[in-house]
Chemist: 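Sharing a structure with you now.
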Amino acid sequence: MKVQMKRICRAAARPLLALTLLLIAGCTTVQPWDRDLLADKKMSFNASPMLLAIDEHIYFSKEASMGGMDAGGGGCGCN
Amino acid sequence: MRVQLEPAKAPSPLRDALHTAALTLLMIPGAAKAQTPPAADHIDFTNLLYGEQSRTQVVEPIVRFTHLMADGQSISAQVGLDVITGSSPTGALPSGSVQTRTSASGHVITSPAGQIPMAPFHDTRLALEGEWKKPVSRYVITTVGGHFSREKDYQSLGVNGKISTDLMRRLVTITVGGGVSHDSVFPVGGTPAGLSDGTIIHTGGNAKDVTNVLLGASRILTRRWMVAVNGTQTYERGYLTEPYKMITIMGHVNGTPVGELTDKRPDTRNRTSLLFSSVYHPGDDVAYTSYRYYRDTWGVRSHTIDLKYRHDLGGQSYIEPLLRYYQQTAASFYTVGFLEGAPLPNFGTSDYRLGRLKTITVGGTYGFHPDFMAGELTIRGQYMRQSGDSSPPNAIGIQRKFDLSPPVNVFALVLGYSFDY
């Protein structure tokens, strides 16, 4: 159990470091009334969820890697 | 919940003043509540047509219903069907003469001289997914979901959830989530013993459990630029072997195949991935870029770069070219084949997807709102080319003459239609 926790902590260390750097990076403030462009649907990180899901399914079945975008998702025996 | 607004129009002092006043009002809780969108229903339909040259063909229609409620909640349900036919490499090596063998599913496989052996297959997969999204406060959104999928030799049942919160006056969004899935693998013809000649050890199912955790953050940097980083950790436990793949035993004199053994992989796999994303709005266009680093305990390391550029054509139509580059190292137990008489390792696979691999994808999406019907139509076409290690260093004898990992050419066409009703 202790070893497993150590592994989880070690695995989480880099993402946490990256998140911290991301949060403290940049001191500009974008006011709410300046977010008209950002509020547009096409400014989303995942503007086409179904197309992304199809792409992820294709790449999962043809490559050894996965992950990065979301938690969960439908299982598949294709790889 | 992010407020959806119209895109920027030509500057005008009056419009700017009204714009500022409206957005300022939206910062007041009471006023914001009055601006919540009305209830609506939305349908997305896509159909994937996928074809690998001389290999697998897939047709995959998916339909997704989403019910948006006035209080910002949404419930969605999705049904997908994959119809898969064609053939895939068995993992075995070519021979200087015609090879014939019977697969686990009873197919007689004949492979021409000098070509990698392929096994025909046919399968249908049904996948059901559901999701419930609920804002629990002005700054916090929770999402829970579940899935069930079933195919001839595989079943998956899982749940997932995540919570996102906006911080620093909504400049930063933090997301924490996770999912668990209980899968079952029941190979056609029974489960063969690993690294055996195909001896069946049982005919029941084999459990595979997957746990996934996600930690992500996105940040608004400027009026036109957002960045995000997502870290995911996946733990897989149970039957992770590919029961139909084979490994050739190479004759120690000239590398001629003298036998085959089944695939065997470790029963644990921990995957770590770190994804950096950026969305930038130069002028009227949008540039999407991302880089993903991936590693796992099987020794695979990979780098993925994904670029998309959306250019609005006017009249609610757009074109979005895409380019993706992927490369991976081989799993530590990947081998082109075993040498006759040599001691066997604990694990082994010749599945090219666990070997050294590069993938390049080019394509594009065209989206438009047709005059004759409501909603948006999208057409995405893409070409993918995979290339592996054609002449691996441990190939011997006649195997050096053959292309042991011929390029895989894939064409995919996705037709999409979305509308509110």
Side-chain angles (χ1 to χ4, degrees), chain A residues 4 7-8 10-26 28-51 53-55 57-79, chain B residues 2-5 7-8 20 23-24 27 44 46 48 127 129 145 147 149 151 153-154 156 158 160 162 172 177-179 181 183 212 214-215 217 219-224 228-234 271-275 277 279 281 286 292 294 300 302 310 326 328 353-354 359 380 386 414:
Chain A
Q4 184 75 358
R7 281 184 187 160
I8 292 174
R10 204 176 298 148
R14 287 183 189 179
L16 282 174
L17 179 63
L19 287 177
T20 308
L21 289 173
L22 183 80
L23 291 176
I24 61 175
T28 51
T29 296
V30 181
Q31 300 296 344
W33 50 84
D34 283 332
R35 296 184 194 173
D36 53 336
L37 299 174
L38 297 167
D40 198 324
K41 187 187 170 192
K42 66 187 179 189
M43 282 298 286
S44 162
F45 288 102
N46 181 9
S48 306
M50 290 192 66
L51 287 179
I54 288 171
D55 285 346
H57 193 178
I58 292 173
Y59 295 130
F60 173 71
S61 70
K62 301 299 295 176
E63 297 166 347
S65 309
M66 64 172 284
M69 278 308 290
D70 221 333
C76 176
C78 47
N79 196 348
Chain B
R2 294 206 183 280
V3 180
Q4 299 295 315
L5 300 172
T20 303
L23 282 164
T24 306
M27 295 301 291
D44 294 291
T46 58
L48 166 68
E129 288 184 32
H147 76 264
S149 71
E151 53 204 281
D153 53 7
Y154 197 90
S156 178
N160 62 78
K162 64 181 177 184
V172 171
S181 168
D183 297 2
N212 180 288
L214 161 80
L215 182 60
R219 192 193 200 286
I220 294 171
L221 290 181
T222 72
R223 182 169 173 256
R224 294 178 174 273
V229 57
N230 276 352
T232 58
Q233 181 75 19
T234 305
R271 305 167 180 256
T272 307
S273 68
L274 199 54
L275 175 75
S277 316
V279 182
H281 197 309
V286 184
R292 180 183 69 183
Y294 166 93
V300 177
S302 76
R310 174 172 167 144
Y326 171 87
Q328 73 179 43
R353 297 171 300 180
L354 284 171
T359 310
R380 170 178 286 184
Q386 282 195 300
V414 183

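Each chain gets a letter, A, B and so on, in the order its sequence line appears, and its residues count up from 1. Quick caveat: nothing in here was measured; it's all calculated off a predicted structure. Heavy-atom basis, side chains included; hydrogens, waters and symmetry copies ignored.
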Chemist: Is there a side-chain contact between A/Lys42 and B/His281, using heavy atoms and a 4.5 Å cut-off?
Modeler: yes

Chemist: What I'd like to find out is whether the side chain of B/Arg380 reaches to under 4.5 Å of the side chain of A/Asp55, using heavy atoms alone.
Modeler: yes

Chemist: Are B/Thr359 and A/Tyr59 close enough that a side-chain donor and a side-chain acceptor fall under 3.5 Å?
Modeler: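 On atom types as modelled, these side chains do not qualify, holding no pair under 3.5 Å.
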
Chemist: How many angstroms lie between CG in A/Asp34 and CD1 in B/Ile220, if you round to the nearest 0.5 Å?
Modeler: 10.5 Å

Chemist: Looking at B/Arg353 and A/Ala64, what are the two nearest heavy atoms and their distance?
Modeler: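 Taking every non-hydrogen atom into account, O-CB, 3.4 Å.
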
Chemist: With a 4.5 angstrom heavy-atom cut-off, is it the side chain or the backbone of A/Leu51 that approaches chain B, or both, or neither?
Modeler: both

Chemist: Starting at NE2 of A/His57, measure out to CG of B/Leu48 and round the result to the nearest 0.5 Å.
Modeler: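 That separation rounds to 9.0 Å.
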
Chemist: Where do B/Ser277 and A/Phe45 come nearest, in terms of heavy atoms and distance?
Modeler: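 That would be CB-CD2, 3.7 Å.
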
Chemist: Of the backbone (N, CA, C, O) and the side chain (C-beta and beyond), which part of A/Ala47 lies under 4.5 Å from a heavy atom of chain B, both, or neither?
Modeler: side chain

Chemist: Identify which part of B/Val279 has an atom lying under 4.5 Å from any heavy atom of chain A, answering side chain, backbone, both or neither.
Modeler: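 For B/Val279, backbone and side chain are both near chain A.
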
Chemist: Who passes salt bridge (Lys or Arg N to Asp or Glu O under 4.0 Å) against B/Arg292, sequence neighbours left out?
Modeler: none

Chemist: Side chains of B/Gln386 and A/Glu63: does their closest heavy-atom pair fall under 4.5 Å?
Modeler: yes

Chemist: By a 4.5 Å heavy-atom criterion (distance strictly below it), what part of A/Met50 contacts chain B: side chain, backbone, both, or neither?
Modeler: side chain

Chemist: Tell me, out of A/Ser44, A/Ser65, A/Ser48, A/Gly77, who's got the most heavy-atom pairs with chain B below 4.5 Å.
Modeler: A/Ser65

Chemist: Looking at every non-hydrogen atom in both residues, tell me the closest pair between B/Tyr154 and A/Cys76 and how far apart they are.
Modeler: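 Heavy atoms of B/Tyr154 and A/Cys76 come nearest at CE2-C, 3.6 Å.
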
Chemist: Please name all residues satisfying salt bridge (Lys or Arg N to Asp or Glu O under 4.0 Å) with B/Arg271, sequence neighbours left out, ordered by chain then number.
Modeler: B/Glu236

Chemist: Between the side chain of B/Arg223 and the main-chain N/O of A/Val30, is any donor-acceptor distance below 3.5 Å?
Modeler: no

